[in-house]
Structure formats: C-alpha cells, structure tokens
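The basis for the numbers below is simple: all heavy atoms, side chains too, and nothing from hydrogens, waters or symmetry mates. Sequence lines set the chain letters: A, B, ... in the order given, protein chains first and strands last, and positions in each chain run from 1. A quick note: this is a predicted structure, and the numbers were derived from the prediction, not measured.
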Amino acid sequence: MSTPVSTAGTAGAIGGAGDALLEVTGLTKHFPITRGIIFRQKVGAVQAVDQVDFSVAPGQTLGLVGESGCGKTTTGRLLTRLLEPTGGRIMFEGRDITHLSMGKMRPLRRDIQMIFQDPYSSLNPRHTVGGIVGAPLRLQKVKTEKGIKATVQELLELVGLNPEHYNRYPHEFSGGQRQRIGIARTLALRPKLIVADEPVSALDVSIQAQVINLLEDLQNELGLTYVVIAHDLSVVRHISDHVAVMYLGKIVELAGRDQLYAAPRHPYTVALMSAVPVPAPVRVDGRRQRRERIRLSGDVPSPLNPPPACRFHTRCWKAQEVCRTQEPPLTELIPGHRVACHFPENTAASAE
Amino acid sequence: MPDTLLDVADLRIHFPTSDGLVKAVDGISFSLERGQTLGIVGESGSGKSVTSLGIMGLHHGTNAQITGHIKLDGEELVGATPGRVRELRGSKMAMIFQDPLSSLHPYYTIGAQIAEAYLVHNQVGKKVAHKHAIDLLGRVGIPQPASRADDYPHQFSGGMRQRAMIAMALSCDPELLIADEPTTALDVTVQAQILDLIWDLQQEYHSAVIIITHDLGVVAELSDDILVMYAGRMAEYGSAEDTFDQPGHPYTWGLLASMPRIDEARLERLVPIKGTPPSLINVPSGCAFHPRCRYAGFTGGRSQTEVPELREVSPGHLAACHLTGDQRRKFRTELVLEETEASTARMTQGEA
C-alpha cells in the first residue's frame, strides 16, 4: 500500500490551492506486528493510517474527527513527525518534511507544535510553570529581548494565567489552568502550525468553552493554523473551517464545516452525527420519547485486519456487493466536498 | 399514589480531612418512582458520584459523616448495618460504574464475575448461576454469550465491557439502578447503543434509574427529572422539560450556553462560565456559585452572604437562586438574545 515518496507528485490535484501551509499526500503509517525474539518475523501490520490526503491553508482550522482507533491521533503524530511515516508525503510551507532527520527537523519544530490531550500527564510535575513554558525557548536557544522570564510571563498572560504564578508547580492548578499552561508552552516559539490532540476532552463543560474561546482568540491574534483532533462532533463543528471524518485509518469524508454538517454524505458521518446526544428532551404527551437515530451495530473492526474494499461495509446499512469488492475512492461530489462512498447520502440520487 | 422507590432527604456526606471538612454533599433531597429516571448533572467535584456511592452504602469503611435520610422502599439506609446494606446492594439496588476496564477484575472470566452476585444473593448452585450469567449476557446484546462468558475482560471491547457491567448490575433484577457516567469512556456510536440498552432494560424491568453524568445530552435523552448539582448542593431540580426549556438557575444557563451544540445554528462564540469550580474545603460564602455568576450583583448582596433556599420557579421546578422571578425572566431572555445575535451575526457574515 505504501506509495514511493518520489512518485507522489499529484499534490496540485489534491486539496486544490497550492499555497497551503500543510499538504499531506498518501500519508500512511503501518505498525508492524512481529513474532519471535531472535528472528523477528513480521506477521502483520496495524494499518493505523492509510493513504490520507488533505491540506490546510494558513490561518485555517482543520478538524479530524472519528472514533477511537480511527487513526486521528496517529495522523497528528505523523504531522509533527513524532512518528515516522511508512509512506506518503508531508509538505510544510512547500517543503517536503516527510523524512527529515531529527537534526534537520529541529529548526522546524519552532513552526510546528502540539497541544496534548491530558493536562495532567503532559506537564512534568517536578518542573515549575516557568520551567515548563520556558523549556522550548531554552532548547531552541532562542534569545529573547527581555530574557526568558519576561517572555514566559507574557505568554502566561496571553493565555489568561497570572504571570505571578511563574514559580508554581502544575499540581497547584486546576485542569483548565493546566491546559492553559500547555497552550502557553506550545505558543512559546511562535509556531505557525499547531496540532491539538483532543485539547478539551479532559475538561469540564464550563471550562471547555473557556479553552475553545482561548484557542480561537489566539488564532485570530497570532494568525495560527490548527489541526484539531477530537472525537466530539459539536466541538469540531465549533472550531473547524474544514472537517475530515476518519474511519479505520482512512478519510471517508472531507468538506467545509457548514457543508458537512448541513448535508453529510458518507453513511458513517450521518450515523456519527445522529449518535450525538442532544440536550433537548423529546416529549410526547409529557412522556419522554426516544430520539430517532441511525443505530450502528457492533464495534469498529480491528485495524490489524480491516475489512476489504470499503472499510465501513461491515456496519453500513447501505452496503452492497460492490462495497465488499471495490474500494470507493475519495471523490469530489460537489466542489469542496469529497466523499469515499459508492452510495452517498443527501444527494439527488439517494433521495429516491 | 405515587410509586416512590427512593426518597432522599437532606442528605449530607462530609469528610473530615487534615485540611478541613470537605462537604462533598451538602443537603440533597430528591425522590424517585419506579420506572422513572433521574439525571444528576454536575461538573467534577460537584458531589454527584459521592451521592450515588452514599446511596449504595459504599462509604462504609471511610471516615465519611453521613446524615439525613435515604429511604429505599421505605427502609432507612442511613445508619443501617453494613450487613443489611450489603444484602440490599446487588439485589435491590445495583450500580454501573464509569470505567468498565478498571471495574472488572482482570483475573476472572466475565461469566464468573456476573455469576458472583447471583450466587451471593440466591440459594443456587454454580451451574445455575453460570447459566444465568449467559442469559444476561445475551440479554444485553453480547453475541454468542455461551462462549463469550468464558472470556476475560481484556478480550472484550470497551462497549462490550460496559454491556458486561450492565449484565452484572442486572443479575438480581434490581429495583434501583445507578449508572455513574455509564458512557463517558465510550465512543459516540457505542454510547448510543448503551443508552438504548439502558432504556430498553428499564422498560422491561420497570426499575428506577439514576443516571449521573456531566453530559447534558445524555441526561436529556434518558431522564424524566433532572437534578443539577454545584459544589455539593442542589442548584436546580425539576422535570427534564422544564430544566432544558426554562432553566431556572444561572449555573444551568451557563452550562447550556457553554456547550457547542450540533442541533442548533453554530454560535460564533461560546459563552463560557468564568472561573473554575470551587474547592469543597473553601466553598464560597452565600451562594456557592456567586463568584462565577454574572448576575450575583443584582441580589443586593444576598448572593454573597446568604445560602439560597430551593424555591419553586414554576410548579414542581425548584432552583436555589436569589434572583426574583422577574429578574430571572429578564436575564434569561437577554442571554438567549445574546446567543441568537451571535449566531445570526455569523450567518449574515457568511452570506456577505
């Protein structure tokens, strides 16, 4: 399945505009499964991410949604080059960074930063806030005009923390504040692209909204580009300009936010959206009623041995023979809306 | 005559610690009829889980100071002997815990764990209990229950583990079922399956259900009544319809405004609740919510000094807030208007 890097020259056709900040073509990551200790034999591979294409324009936000095991986090780690891609190509500012060495990647780390999910485990409990937020500056040997301390305090203020708390430790802060510390660290090097992996899912509802608003303000103020990975469809709709829906390592649908949420085309997207519980009780004659929704049966199949052809066919209510034998390509059904399905929903043909 | 199963009155659960008295639950009252569902909503630290553990008698052996009344079918549980509570637990009342992976014992098969409660509470042999476990697994929708009963928890997926937990809770046909964040660890499509299952089982067994969650969507789907908790106290208590359509407490307004919603027009900006939930050792004076409340300045200082009593805002709908009815209506209208403006501003912007 892996595409040789040199032949991936179709970048222009995918994602449209050539001035994208980030452009990903045929990105693939397979984790080998080996057996034996001395003679390690490869007995299989977890196809975590398989032939993923997308691009993000500067100042925009791309949301990656999907259920656990769909490869969204792996994709994020590939983008930040925390994992080595098996195949495909990652272009950042027109430069191929797919296989840059650690040393060559280091200067680029200033431009690509990551926000992690769990604000409890992503901050070192033995370092002070000042040490944590200043670490990127020290590691990159960045000389700032006012010195590291003043810069860090500015950053703390930027994310809505008290700069006086410079010498405190992470355990003295609540979850939402810790996530702000993580964001301040991310911003320290003034990155261009931020990959945020479930930035709010560990937070309470009232705190989620604060952090979401903060991310939006920072984007407007600093012109940041985001790739936001999340499982919560409502959060993704709120912060994204474009949304990619992933299932078992593949993008099944990619479209502008409003287009996608108004008329999802892929049956999986439709099912996913209808599964979201809505805070509006359904009542008939004062008795609670069950909300009508599409019910998917079973669980997501194992990515070790994904179903052939369309990977969703085992759970899809529209699946037919062709779905089991032919893989549907990600095609542009209407401008800016790409779907990988033989029988898409919400089209003139499907209205019959 | 209402068929009341559970009656909780002025329940207080306090924990003395070296830092001071933690009032985890501070004066909670509610009642629940057979066949009805109560949703308890709150953020982390609001006391919702402590309440449910208190009902189940699971604070025994800790230094919790429990006062008030918990009457299950007329029988007082506060002060009951641990032996008596133990007889009731698992047979008359049962609980589904949040994280099925850490609530299941990794060393025992699923079947053995489900059979255990049945063995303890009924005079039956192992074979009968095992057969009963297989029946239950089938009932909660596990395919091939006879062979899956011999599996260990690690061989089950997250959704299946939660089903197994539900089967375990149901093993003695409990009249009261408490589900503490039953779907928080699950993906949305699996969450929808589990919510359906709880719904169906409740119809079948006519049991009373308490569902504890931070997700307003989940409570809206399942609950007849809703109890909103804040800092161990009741903020609002009423039917699901009233609570969602005419929420009476500014905290509930805040929760509703701060979550992005998939079923309504996208807001340009979320309206978060400022600040963070209080520490339970140092609960703010007066109304515990006043430091975060936008309207605390309109009560003539009473919010800061006086703990608000629960008052009827409409028949059968209680809220603990000092705002007068007129103020409440005025502020609520303004807030809704603010939200609508935020969404229409975006729409006109989008059209331009």
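- At a heavy-atom cut-off of under 4.5 Å, chain B is reached by A:Asp204, A:Val205, A:Ser206, A:Ile207, A:Ala209, A:Gln210 from residues 202-210 of chain A, listed in order of number.
- In this structure, the portion of A:Arg295 lying under 4.5 Å from any heavy atom of chain B is its side chain and not its backbone.
- Top candidate by heavy-atom pairs under 4.5 Å with chain B, chosen from A:Val278, A:Val300, A:Ile294, is A:Val278.
- In this structure, chain B has a heavy atom under 4.5 Å from the side chain of A:Glu216, while its backbone stays farther away.
- For the ring pair (Phe, Tyr, Trp, His ring centres under 6.0 Å) condition, no pair includes a residue of residues 185-209 of chain B, sequence neighbours left out.
- With sequence neighbours left out, B:Asp245 forms a salt bridge (charged side-chain N to carboxylate O under 4.0 Å, His left out) with no residue at all.
- Heavy-atom pairs under 4.5 Å with chain A peak, among B:Val190, B:Leu222, B:Thr183, B:Thr243, at B:Leu222.
- For the options B:Arg292, B:Gln193, B:Lys274, heavy-atom pairs under 4.5 Å to chain A are most numerous at B:Gln193.
- At a threshold of 4.5 Å between non-hydrogen side-chain atoms, the residues A:Ser234 and B:Met259 do not count as touching.
- Contact of A:Ile212 with chain B is made through the side chain alone, with heavy-atom distances under 4.5 Å.
- Most heavy-atom pairs under 4.5 Å with chain A, from the set B:Ser239, B:Pro277, B:Ser157: that is B:Ser157.
- Chosen from B:Pro260, B:Ala192, B:Gly254, B:Gly275, the residue pairing most often with chain A at heavy-atom distances under 4.5 Å is B:Pro260.
- Minimum interatomic distance between B:Arg269 and A:Asp217 (heavy atoms only, all atoms of both residues): NH1-OD1, 3.0 Å.
- Here the closest non-hydrogen pair linking B:Leu267 and A:His238 is O-CE1, 3.0 Å.
- Highest contact tally toward chain B, considering only A:Arg293, A:Gln177, A:His231, A:Arg237, is held by A:Arg237 [criterion: heavy-atom pairs under 4.5 Å].
- The shortest heavy-atom contact between A:Ala280 and B:Asp263 is CB-OD2, 4.3 Å.
- B:Glu43 touches chain A through backbone and side chain together, each having a heavy atom under 4.5 Å away.
- For the residue pair A:Pro277 and B:Asp215, the shortest heavy atom distance occurs at CG-OD2, 4.4 Å.
- Between the side chain of A:Arg290 and the backbone N or O of B:Glu221, no donor-acceptor pair lies under 3.5 Å.
- When each of A:Pro281, A:Gly66, A:Gly176, A:Ser274 is checked for heavy-atom pairs under 4.5 Å with chain B, A:Pro281 comes out on top.
- Contact between B:Val188 and A:Ala275 at its shortest, heavy atoms only, is O-CB, 3.7 Å.
- Considering all non-hydrogen atoms of both residues, B:Thr189 and A:Arg315 come closest at OG1-NH2, 3.5 Å.
- Summarising the local packing, CD of B:Gln144 is surrounded by 12 or fewer heavy atoms from other residues, nucleotides or ligands at distances under 6.0 Å.
- Proximity to chain A is limited to the backbone of B:Ser223, based on heavy atoms less than 4.5 angstrom apart.
- Interface residue A:Ser174: only side-chain heavy atoms are found under 4.5 Å from chain B.
- Every residue two or more places apart in sequence or in another chain that forms a salt bridge (charged side-chain N to carboxylate O under 4.0 Å, His left out) with B:Arg148 is listed here: B:Asp151.
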